[in-house]
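No hydrogens, no waters, no symmetry mates; every other heavy atom, side chains included, goes into these values. Letters A, B, ... mirror the listed sequences (proteins, then strands); counts begin at 1.
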Protein chains: 6
Amino acid sequence: MRLLIVNPNTTEAVTKRLVDAASGVASPATTISGLTAPRGFPYISNRAEAQIGGAIALEMLAERHAQVDACIIGAFGDPGLLGARTLFDIPVIGMSEASMLTACMLGRQFAIITFAEALANWYRDCVGSNGLENRCASIRGLRTRFASIAGVQEQMEEELIRLANLAVAEDGADVIILAGAPLAGLAQRAARLIQVPVVDPISAAVKQAEAIFALAPRIPAAGSFRRPDPKETMGLGDCLGARITHRDPMPVTR
Amino acid sequence: MRLLIVNPNTTEAVTKRLVDAASGVASPATTISGLTAPRGFPYISNRAEAQIGGAIALEMLAERHAQVDACIIGAFGDPGLLGARTLFDIPVIGMSEASMLTACMLGRQFAIITFAEALANWYRDCVGSNGLENRCASIRGLRTRFASIAGVQEQMEEELIRLANLAVAEDGADVIILAGAPLAGLAQRAARLIQVPVVDPISAAVKQAEAIFALAPRIPAAGSFRRPDPKETMGLGDCLGARITHRDPMPVTR
Amino acid sequence: MRLLIVNPNTTEAVTKRLVDAASGVASPATTISGLTAPRGFPYISNRAEAQIGGAIALEMLAERHAQVDACIIGAFGDPGLLGARTLFDIPVIGMSEASMLTACMLGRQFAIITFAEALANWYRDCVGSNGLENRCASIRGLRTRFASIAGVQEQMEEELIRLANLAVAEDGADVIILAGAPLAGLAQRAARLIQVPVVDPISAAVKQAEAIFALAPRIPAAGSFRRPDPKETMGLGDCLGARITHRDPMPVTR
Amino acid sequence: MRLLIVNPNTTEAVTKRLVDAASGVASPATTISGLTAPRGFPYISNRAEAQIGGAIALEMLAERHAQVDACIIGAFGDPGLLGARTLFDIPVIGMSEASMLTACMLGRQFAIITFAEALANWYRDCVGSNGLENRCASIRGLRTRFASIAGVQEQMEEELIRLANLAVAEDGADVIILAGAPLAGLAQRAARLIQVPVVDPISAAVKQAEAIFALAPRIPAAGSFRRPDPKETMGLGDCLGARITHRDPMPVTR
Amino acid sequence: MRLLIVNPNTTEAVTKRLVDAASGVASPATTISGLTAPRGFPYISNRAEAQIGGAIALEMLAERHAQVDACIIGAFGDPGLLGARTLFDIPVIGMSEASMLTACMLGRQFAIITFAEALANWYRDCVGSNGLENRCASIRGLRTRFASIAGVQEQMEEELIRLANLAVAEDGADVIILAGAPLAGLAQRAARLIQVPVVDPISAAVKQAEAIFALAPRIPAAGSFRRPDPKETMGLGDCLGARITHRDPMPVTR
Amino acid sequence: MRLLIVNPNTTEAVTKRLVDAASGVASPATTISGLTAPRGFPYISNRAEAQIGGAIALEMLAERHAQVDACIIGAFGDPGLLGARTLFDIPVIGMSEASMLTACMLGRQFAIITFAEALANWYRDCVGSNGLENRCASIRGLRTRFASIAGVQEQMEEELIRLANLAVAEDGADVIILAGAPLAGLAQRAARLIQVPVVDPISAAVKQAEAIFALAPRIPAAGSFRRPDPKETMGLGDCLGARITHRDPMPVTR
């Protein structure tokens with residue numbers, strides 16, 4: 001299976017981190033590739049950026065979907081996920097969705113631990129739009145400042161682990177999700193130090209993408225994820241416009 | 001108050017219809033203007049188009065927010081609403097949000113009537129993200145085909161009214177919301193023929209925008225709608241990028 | 001628009017405070033009047049008093065509804081609101097309802113701050129009967145005693161502001177509602193000191209009453225707010241009995 | 001135990017029917033008495049009447065609570081229930097509350113069958129305020145007109161039974177509640193003809209009142225049902241005012 | 001009424017404690033008997049043990065149901081309750097169910113206090129399967145170790161009372177449930193020291209069993225608690241197998 | 001990975017069908033084995049049988065868990081799932097759980113289609129205990145009788161497909177789950193004829209088991225799925241007792 005990680009952020013290092021973590025858990029038959037957003041933000045961290053980054057993710061997928069078998073939206077909060085699932089025929093998996101659904105098989109209640117408390121309400125939207133409020137014990141984030149997003153998981157490792165164990169002891173969490181692409185890979189290092197199972201969103205997403213691909217679900221001909229009928233568009237990227245209009249994209253010369 | 005209706009669709013006729021309906025209910029002190037999306041879709045009708053149209057709405061607002069006092073996102077489903085509320089300092093109101101909250105003051109349960117049944121699940125997302133599931137009696141849409149979106153409210157008026165009265169009789173609705181910009185203005189004509197109060201989303205949005213503007217709420221310095229700290233962006237429209245980076249946009253020469 | 005504030009309490013000073021606050025935000029075209037309960041309690045502060053005060057509010061409205069265009073129930077908890085909406089043809093708005101719905105347009109989650117912690121569970125009923133549990137971050141009230149209800153907002157201002165900011169920092173509130181008629185007007189003074197938008201219930205109720213009046217919804221001929229058929233009554237106040245029996249009240253001589 | 005049925009309606013025949021049905025299931029040690037509202041409505045059938053009737057119920061209880069050991073509010077919708085529980089020291093039980101909680105021990109989902117479909121939304125409020133939405137399979141009421149409330153259970157018996165069996169077959173009900181004082185006693189006659197257990201609200205209320213009385217719970221000194229501190233009142237019935245002010249009522253001479 | 005307490009644990013002392021507490025509140029016409037599990041665990045304290053203990057409860061009931069009029073499952077968490085209600089014709093009541101439903105008539109929100117914090121998440125399942133999440137203010141358990149389950153209520157009495165009062169002061173509880181068979185009887189001693197009504201699960205269960213028995217609900221001929229059609233079984237206890245196969249059990253010789 | 005399908009029913013043919021369907025989707029590295037319940041029921045179809053069958057599943061797992069890497073509970077309704085997850089160190093996956101979580105990645109709302117309408121309320125419990133009520137559009141089952149459970153999927157194929165398409169058209173389902181072990185494998189044949197993606201529970205369970213195994217979550221040392229401390233048991237199967245007592249089982253001689 002050719003699995004594409006669409007990173008809706010512009011930071012190559014994050015894409016690389018995601019691809020590395022993904023490769024670590026992928027089945028031998030899975031080939032991982034990554035795609036970094038050509039425009040947008042170094043890191044998506046609020047509802048506005050998720051709105052824009054999600055649209056960019058659709059542009060990216062429009063260009064590449066035909067060359068892959070499945071795709072992961074590589075940012076917590078799953079920007080663009082439902083739109084992508086509407087437009088494209090391949091399985092599209094979100095990191096938050098995959099990690100929460102996976103966590104449901106490891107305990108009754110999960111907690112989400114992330115690197116900034118300011119993300120909590122936005123993440124809560126995401127829990128809600130998945131209808132999983134009553135599986136979520138709490139969302140906790142760092143209150144302290146850190147030097148850089150790139151280094152946050154190393155710099156703040158101890159504090160993140162403390163928050164995770166607090167969520168277990170105080171909030172009744174049976175499972176911990178370490179959320180946010182900048183924390184990709186931390187789960188593995190921290191597993192020993194957190195008292196309950198830890199879900200790494202990119203890892204969960206890889207396994208869920210493989211699962212869905214293997215199940216080979218049919219493309220919907222009805223329901224709210226049926227591919228919309230052709231529609232004229234104006235001023236969208238060529239590939240995205242072509243996909244929506246049901247026409248071939250212009251040949252690209254690069 | 002200068003009130004801007006941001007139509008995230010590319011159809012001028014819809015903008016005009018919205019502006020006309022809005023002008024009919026606006027207070028004398030309110031000046032209504034409309035802005036049609038320079039790119040995108042003639043009509044937003046699914047989650048993918050809402051993702052893209054919402055991002056376009058942010059671009060549009062980035063260009064114009066400084067010249068107005070409040071703004072309405074002129075499409076049911078409220079594409080870009082929470083993002084806009086995050087980025088800009090003026091009140092931003094969504095048509096679905098405003099119509100549902102208004103309906104809550106007119107009865108216990110509202111029903112949403114729209115022009116295509118296929119919209120129901122996506123509208124349900126919107127009810128859910130407003131946390132109003134238990135105020136919503138039902139969502140009903142036309143099952144029959146119609147000639148054009150532009151003329152749907154005239155052509156299908158009788159059937160839409162029948163659906164509304166069914167929602168009252170069968171689903172327990174105390175209030176009807178006639179949803180979707182193409183139905184703007186129908187409420188007034190249909191009011192006599194529907195047994196319960198009818199909410200016209202654009203009208204509700206105008207009154208709610210006036211209400212919020214008059215209350216002059218402070219700009220949040222905390223919480224999840226605090227304007228994000230400056231952040232570098234890449235390849236976004238100049239005005240949107242400038243807003244996000246906290247810098248002045250380039251002077252526009254047109 | 002002639003807007004009546006029905007204060008279901010017997011304290012003239014509270015009515016005056018409400019009328020003053022209301023006048024401060026009303027549109028030029030709105031004339032505010034107040035009516036103090038002729039019997040009942042100096043202040044409604046539990047479910048029993050709300051039951052009785054709500055019935056008194058209906059008596060008050062029965063006497064005055066024909067002379068006004070819309071009405072506000074001037075007590076948090078909205079005593080008598082749904083009954084009034086059932087019996088009378090004019091828009092009737094509740095202060096808690098209006099403040100919560102307004103808050104929904106200013107953020108994802110609101111917190112209610114009030115002057116006595118003992119009110120929390122009863123207010124929670126009110127959040128619940130509006131179906132807004134998942135928009136409510138928390139309800140916090142003063143634990144300390146204060147000298148008099150009349151002076152509580154001045155005397156306890158600092159502590160109320162501290163609670164509000166705690167609700168932002170600890171409970172994830174994006175908006176604060178300062179609840180209870182005795183706090184009417186505080187919002188304005190406190191706005192600067194609370195980190196997020198603050199909703200003043202009487203102000204919100206005025207703007208919502210104006211909004212609903214302007215939308216001119218039809219009087220329901222079906223649904224659960226249709227005016228009930230005539231029914232004999234016994235021993236109710238003359239005006240209330242007349243309204244319920246669909247007859248003219250006795251001429252009053254005063 | 002002296003058990004008082006407070007009928008907040010003015011129809012003696014309904015009180016008698018309730019007392020008769022209650023006597024049929026009461027324990028030998030229970031003495032049933034009834035009290036008919038001295039003012040109000042022949043039958044409470046909407047939110048406005050419940051507001052007023054509930055306040056009248058409090059007046060009635062204020063006069064009689066000291067002479068009894070427990071009390072039932074004898075109208076579906078439980079008008080005045082929470083207020084009564086706040087003010088008085090004896091157990092107060094509601095007919096809807098008791099029937100729904102009892103039904104919960106007889107199956108997973110109950111349906112409420114009543115004599116007029118127009119009652120459904122108001123009854124739904126009651127289900128909601130008890131937090132039992134997810135135990136309620138449906139609420140169904142007669143759509144046809146009937147000659148008189150007094151004779152509805154006889155006249156419409158067949159149709160009511162048909163609705164009950166429909167709720168079982170179509171809505172997944174495991175238990176049926178025959179709701180509304182005018183249906184008191186029907187349960188017994190209909191039991192054979194309805195496929196699942198049937199709960200008669202007044203019977204359930206009697207047994208729950210006996211249960212609570214026997215458990216002899218302490219009078220709360222905290223929480224939201226603690227008896228409020230003394231408070232001045234104005235113009236309330238003497239006994240009710242006295243109860244609220246914590247003083248002895250005036251000696252009655254009759 | 002002959003009321004059987006099925007203790008799905010193997011500890012005779014717990015059965016005795018339950019029978020004693022039950023006898024203290026039972027009506028004169030009620031005869032209490034107890035049955036201790038012949039196999040299983042000294043005390044059920046997690047989901048695995050509830051699964052097994054619940055099946056054992058069914059075996060016990062299969063042997064004895066014909067000799068009694070009603071039965072109580074004597075362990076918090078109600079192991080086997082719904083299965084028993086499916087298989088047998090007599091009323092079957094659960095201790096947690098009965099205590100929560102009873103608590104609902106004593107206040108808006110209850111808290112569950114138990115002897116080990118580790119039980120909280122499992123008890124939460126039970127609140128959820130009863131659909132009572134929004135009536136439950138909190139679940140609090142001892143964090144400290146105690147010498148023996150048999151003596152926990154005496155040894156830890158003070159701390160349990162402190163937790164109960166904390167639930168009132170911090171969590172908004174109007175009622176306290178002292179949960180877990182090892183705490184049976186404590187409610188009575190502690191009532192004076194806890195500020196709100198306290199529900200003792202075994203006592204509540206006795207009164208609810210008497211209530212349901214007195215109401216004499218019909219045996220369901222439809223719905224999800226209709227007794228299943230005869231089915232072959234293999235290797236179950238003789239009485240249980242006989243009940244499921246609708247045949248007479250083998251004569252027992254002991 | 002050695003993956004065991006624990007069939008808590010006694011019907012070998014069902015085990016075989018499950019193993020066959022599972023083998024069809026398993027990764028090359030997965031070895032599937034099946035285990036049929038040595039006692040119990042030919043088919044589990046209500047809450048009582050799930051209680052007993054779940055306990056039997058624990059006995060079966062106690063005997064075999066050490067020889068496998070992961071396990072699936074092979075009956076819809078997931079009997080014994082949470083207990084198994086508490087007691088054993090290997091991943092344990094339920095067929096209903098896995099199919100519902102998988103369905104969540106294929107659409108917003110799923111419907112469950114099964115072979116007998118009588119199963120609906122019990123399946124609803126399962127949806128509820130997974131906290132997925134708001135993802136479930138409907139549960140529909142055959143109302144007509146069929147000759148045998150073994151042949152139901154062939155005999156009733158057309159009707160099952162009709163129900164599935166009805167759930168899409170009428171209930172808003174985006175995904176269909178064909179539930180119940182007797183339908184294992186039907187999904188594949190029916191996929192072409194059902195308009196939306198179809199989830200086959202055993203297939204979903206296999207892929208989820210592989211996913212969880214690959215993620216190698218740590219064994220919980222806290223939370224409500226921590227393995228309980230050693231506890232004495234009485235009269236349980238030797239292996240199950242040994243597992244609970246933390247001792248070695250007796251050597252088996254067979």
Peer 1: Do any N or O atoms from the side chain of E/Asn7 and from the backbone of E/Asn9 form a donor-acceptor pair under 3.5 angstrom?
Peer 2: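 Yes.
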Peer 1: Under 4.5 Å, heavy atom to heavy atom: which of residues 218-230 of chain F reach chain E? Give them by number, or say none.
Peer 2: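 If one takes a 4.5 Å heavy-atom cut-off, the residues of residues 218-230 of chain F near chain E are F/Ser224, F/Phe225, F/Pro228, F/Asp229.
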Peer 1: Which pair of heavy atoms, one from F/Leu163 and one from F/Arg140, lies closest together, and at what distance?
Peer 2: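 That closest heavy-atom pairing would be O-CD, 3.9 Å.
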Peer 1: Pick one of side chain, backbone, both or neither for E/Ile52, based on which atoms fall under 4.5 Å of a heavy atom in chain F.
Peer 2: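 For E/Ile52, heavy atoms of backbone and side chain both lie under 4.5 Å from chain F.
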Peer 1: Sort by residue number and list every residue of residues 114-136 of chain F having at least one heavy atom under 4.5 Å from chain E.
Peer 2: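 Under the 4.5 Å heavy-atom cut-off, F/Asn121, F/Asp125 qualify.
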Peer 1: Between E/Gln51 (side chain) and F/Gln51 (backbone), is there a donor-acceptor pair under 3.5 Å?
Peer 2: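 Yes.
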Peer 1: Would you say F/Thr11's side chain and F/Pro42's backbone share a donor-acceptor pair under 3.5 angstrom?
Peer 2: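 Present.
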Peer 1: Is a side-chain N or O of F/Asn46 found less than 3.5 angstrom from the main chain of F/Ala48, in a donor-acceptor match?
Peer 2: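 Yes, the answer is positive, given that a donor and an acceptor are paired below the 3.5 Å cut-off.
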Peer 1: Tell me whether F/Ser148 contacts the main-chain N or O of F/Gly151 through its side chain, where contact means a donor paired with an acceptor under 3.5 Å.
Peer 2: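 Here the side-chain-to-backbone pair exists.
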Peer 1: Output every pair passing ring-ring contact (aromatic ring centres under 6.0 Å, His included) with a member in residues 229-249 of chain E, not counting sequence neighbours, ordered by first then second residue.
Peer 2: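 Matches after skipping sequence neighbours: none remain.
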Peer 1: Are there residues of residues 73-90 of chain F that reach to under 4.5 Å of chain E by heavy atoms, and which ones?
Peer 2: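 When heavy atoms of chain E are the reference, residues 73-90 of chain F contributes F/Gly80, F/Leu82, F/Gly83, F/Thr86, F/Leu87 within the under-4.5 Å range.
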Peer 1: Go through the atoms of F/Leu58 and report whether side chain, backbone, both or neither lie under 4.5 Å from a heavy atom of chain E.
Peer 2: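 Answer is side chain: those atoms of F/Leu58 sit under 4.5 Å from chain E.
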Peer 1: Nearest heavy-atom pair of F/Ala98 and F/Gln208: which atoms, and what distance?
Peer 2: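 So the minimum-distance heavy-atom pair works out to CB-CG, 3.9 Å.
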Peer 1: Are any side-chain N or O atoms of E/Glu97 and backbone N or O atoms of E/Gly94, one a donor and one an acceptor, separated by less than 3.5 Å?
Peer 2: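 A pair under 3.5 Å: yes.
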Peer 1: Is there a donor-acceptor pair under 3.5 Å between the side chain of F/Thr245 and the backbone N or O of F/Ala242?
Peer 2: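 No.
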Peer 1: Is a donor from one side chain sitting under 3.5 angstrom from an acceptor on the other, for F/Lys231 and E/Ser45?
Peer 2: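 Looking only at side-chain atoms, E/Ser45 and F/Lys231 do form a donor-acceptor pair, the distance falling under 3.5 Å.
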Peer 1: Locate the shortest heavy-atom distance separating E/Ile56 from E/Pro38; write the atom from each residue and the value.
Peer 2: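 Closest approach of E/Ile56 to E/Pro38: CG2-CD, 4.4 Å.
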Peer 1: Take F/Asp238 and F/Arg243 through the salt bridge (charged side-chain N to carboxylate O under 4.0 Å, His left out) test and state the conclusion after the steps.
Peer 2: CA-CA 9 Å; F/Asp238 176 59; F/Arg243 180 71 192 165; over 6 Å; no
Peer 1: Looking at E/Pro182, is its backbone amide N or carbonyl O close enough to the side chain of E/Gln153 to form a donor-acceptor pair, meaning the two atoms are under 3.5 Å apart?
Peer 2: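 Yes.
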